[in-house]
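Chain A is the first sequence line, chain B the second, and so forth, proteins listed ahead of strands; every chain is numbered from 1. When reading the values below, keep in mind they use all heavy atoms of this one structure, side chains included, and skip hydrogens, waters and symmetry mates. Just so you know, these numbers come straight off a predicted model, no measurement behind them.
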Amino acid sequence: MTIRLYDTATRGVRDFVPLQEGKAGLYVCGLTVQSEPHVGHVRSAVNFDVLQRWLRHRGYDVTFIRNVTDIDDKILAKAAERGLPWYAHAARMTRELDRAYAALNVAPPTYEPLATGHVPEMVELITELIERGHAYAAEDGSGDVYFDVQSWPQYGELTRQRIDDMEAAEDADPRGKRDPRDFALWKGHKESEPATASWPSPWGRGRPGWHIECSAMAGKYLGSAFDIHGGGVDLRFPHHENELAQSRAAGHPFASYWMHNAWITTAGEKMSKSLGNSLAIPAVLETYRGIELRYYLVAAHYRSHVEFSFEALDEAAAGFRRIEHFLERAADVVGEIGSAGMPCADFVNAMDDDLGTPAAVAAIHEVVREGNRLLAGGDSAALRGNAASVRAMLAVLGLDPADPVWQTGASGHEEQLTAAVDALVSELLEQRAAARATKDFAAADAIRDRIKSAGILITDTPDGPTWSLEAGTK
RNA sequence: GGUGGGUUGGCCGAGAGGCGAGGCAACGGACUGCAAAUCCGUGUACACGGGUUCAAAUCCCGUACCCACCUCCA
């Protein structure tokens with residue numbers, strides 16, 4: 001059984017055949033660090049993190065590149081608004097993004113190149129394109145360099161659009177373009193922009209265009225040809241179309257597979273920065289744990305549009321707690337649950353089929369139900385294997401509750417808190433046990449209600465009561 | 001105008017010709033002092049109209065509505 005992936009270029013699911021056996025090169029367009037990351041941004045990161053984890057699980061040696069675009073129009077504009085140097089703003093937003101990734105257990109890529117660190121590579125690529133007759137320096141003296149779309153007949157191949165059908169942008173500024181659809185490879189420095197936002201080049205000082213960055217960085221770290229290129233659906237055109245055109249025009253085969261994750265919307269609208277920051281990651285994490293948000297994102301297929309709602313997030317959190325609670329109870333019975341478990345066949349088949357995470361999650365729930373049955377039946381050997389399997393499947397999805405990454409923040413402090421709560425709750429539970437022993441159920445229930453109102457769930461087991469935090473709380 | 005995607009039960013969300021994914025909620029039963037947790041059970045869902053087929057949520061034709069992209073939004 002091989003992994004099958006949906007390829008946007010061919011519009012279908014295909015067997016994944018890497019260029020080099022046993023290896024997989026993956027490039028994903030990271031963010032332009034212009035503002036605080038929101039739920040939509042991390043969906044893309046989580047989706048491709050799952051892909052990367054699954055490829056590794058299936059034995060591939062993965063080189064995963066996710067870039068950071070740290071110079072562009074919007075960064076310059078936002079920084080000016082906030083009265084900061086553009087690089088200070090970019091650095092601050094990059095840190096913000098790193099925090100969001102960490103909070104959701106998005107593993108760091110193999111390399112995380114910055115656009116500003118690869119200007120020479122971009123200049124080299126642009127020079128090559130000019131030499132091959134696919135790019136030209138603007139004749140208006142602006143210092144801009146454009147890609148000549150008419151010189152590349154395959155332009156539009158990724159999204160199957162014909163150049164002549166494309167609508168010219170309303171605000172299209174022809175400047176020194178030969179064709180309004182030509183796109184900028186290099187942007188000449190403007191007096192209105194900070195001098196620090198420009199680099200020397202054969203065409204004068206300036207800064208790189210957006211599309212060229214990814215071609216240059218993918219080429220540098222993955223080579224002329226590589227396996228998978230990913231990003232959000234919105235990037236198909238123009239960004240990926242342009243990347244493909246400029247890379248191939250420069251003589252590089254580029255990506256074999258193109259993968260795109262769908263949007264997450266709110267109130268039927270695209271989650272854009274203008275909708276405010278209620279869905280900014282730090283805000284969501286005030287109410288929900290990162291692992292719960294990740295579960296919510298993973299439970300939907302990456303190519304399905306998701307309509308975000310806190311109600312749906314609540315449900316997802318409840319569903320996740322069911323799994324988590326099973327692991328806690330299993331651990332009480334069999335001791336520590338090993339990390340060497342095996343995913344069940346349904347899970348593997350689901351994941352191999354274009355990362356079918358919804359079916360994979362359903363498979364986990366099936367194993368959990370079986371495990372809960374064993375928990376009542378008392379076959380601890382079977383239970384141990386069962387729980388280990390659940391843990392292994394969760395781990396592949398980046399959702400293993402025992403993974404130390406979830407114990408972020410105050411670490412030792414948190415453990416102390418848990419111990420403190422445990423001491424207090426245990427005392428209350430003893431009082432409740434005493435009350436029950438004397439059949440004073442009113443008193444016993446009052447104690448239980450008191451604990452529950454603090455957001456703590458009591459589970460009575462044959463070995464006595466245990467406590468855990470209720471779903472939806474941090 | 002061009003390109004692509006969508007419409008599934010109270011809700012979220014899979015599936016892609018024939019056994020009702022899974023979760024949340026609800027109801028019944030078991031367990032419990034009562035609960036909770038857990039287990040067992042309970043649903044005549046596939047936008048609409050035609051068609052193909054022994055068989056359609058799934059294929060074909062048409063209609064409606066929604067969404068995304070068309071030069072720098074994941």
Side-chain angles (χ1 to χ4, degrees), chain A residues 8 11 28-32 34-35 37-45 47-48 69 72-74 147 149 156 159-169 171-173 177 180-184 187 209-211 213 230-239 241-242 260-265 268-274 295-296 299-301 303-307 309 311-320 322-323 325-326 329 346 350 356-366 369 371-373 375-377 436 439 441-442 444-445 448-449 452 457-461 465-466 468:
Chain A
T8 304
R11 308 266 164 97
V28 173
C29 289
L31 284 187
T32 297
Q34 51 152 322
S35 56
H38 58 59
V39 175
H41 295 132
V42 296
R43 179 183 192 192
S44 182
N47 287 156
F48 287 105
T69 297
D72 101 315
D73 294 352
K74 288 187 176 174
F147 183 86
V149 296
T159 51
R160 297 191 191 181
Q161 300 182 88
R162 293 196 326 240
I163 293 182
D164 295 335
D165 289 336
M166 294 177 193
E167 206 171 63
D171 59 345
D173 172 9
K177 291 182 182 180
R181 286 150 300 206
D182 288 350
F183 56 90
K187 310 178 99 166
W210 181 39
H211 314 296
E213 300 171 6
V233 274
D234 57 313
L235 297 181
R236 276 181 313 193
F237 191 91
H239 188 52
E241 192 72 72
N242 291 354
H260 294 98
N261 65 277
W263 287 96
I264 178 158
T265 58
E269 279 184 61
K270 189 159 95 176
M271 196 173 283
S272 74
K273 282 120 198 169
S274 57
Y295 177 87
Y296 173 63
H301 188 85
R303 282 192 288 120
S304 290
H305 162 243
V306 168
E307 170 69 18
S309 72
E311 291 73 19
L313 181 50
D314 283 335
E315 283 183 13
F320 181 71
R322 180 184 148 78
I323 299 171
H325 198 205
F326 160 68
R329 295 202 302 149
D346 285 348
T357 52
V361 168
I364 294 176
H365 278 284
E366 296 287 0
R369 176 175 302 121
N372 276 324
R373 255 184 241 127
L375 214 40
R436 291 177 77 198
K439 304 244 190 268
F441 296 121
D445 292 352
R448 187 172 65 199
D449 290 346
K452 190 179 189 319
L457 183 72
I458 298 303
T459 305
D460 286 324
T461 75
T466 64
S468 58

Please determine if a side-chain N or O atom of [X] lies less than 4.0 Å away from the OP1 or OP2 oxygen of [N].
| X | N | result |
| --- | --- | --- |
| A:His365 | B:G22 | no |
| A:Asn372 | B:C39 | yes |
| A:Lys74 | B:C73 | yes |
| A:Arg11 | B:U3 | no |
| A:Arg369 | B:G23 | yes |

When rounded to whole Å, the CG to P distance for the pair A:Asp460 and B:U32 reads 12 Å
Winner on side-chain proximity to A:Leu457, out of B:G23, B:A36, B:C72, is B:A36
Out of B:C12, B:G13, B:A74, minimum distance to the side chain of A:Ala312 belongs to B:C12
For A:His239 and A:His211, take the angle between the two ring planes, folded into 0 to 90°, and tell me which bin it lands in: parallel under 30, tilted 30 to 60, perpendicular over 60.
tilted
Which atom pairs link the protein and nucleotides 15-17 of chain B when you take only N or O atoms and keep those under 3.5 Å?
none

Closer to the 5' end of RNA chain B via nearest nucleotide, is it A:Arg373 or A:Phe320?
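So the residue in question is A:Phe320.
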Given Watson-Crick and G-U pairs under 3.5 Å, RNA chain B in dot-bracket ([ ] crossing, | other strand) is (((((((..(((.....[...))).(((((.......)))))....(((((..]....))))))))))))....
Identify whether any heavy atom of A:Ala376 sits under 4.0 Å from a base atom; if not, whether one sits that close to sugar-phosphate; answer base, sugar-phosphate or nothing. nothing
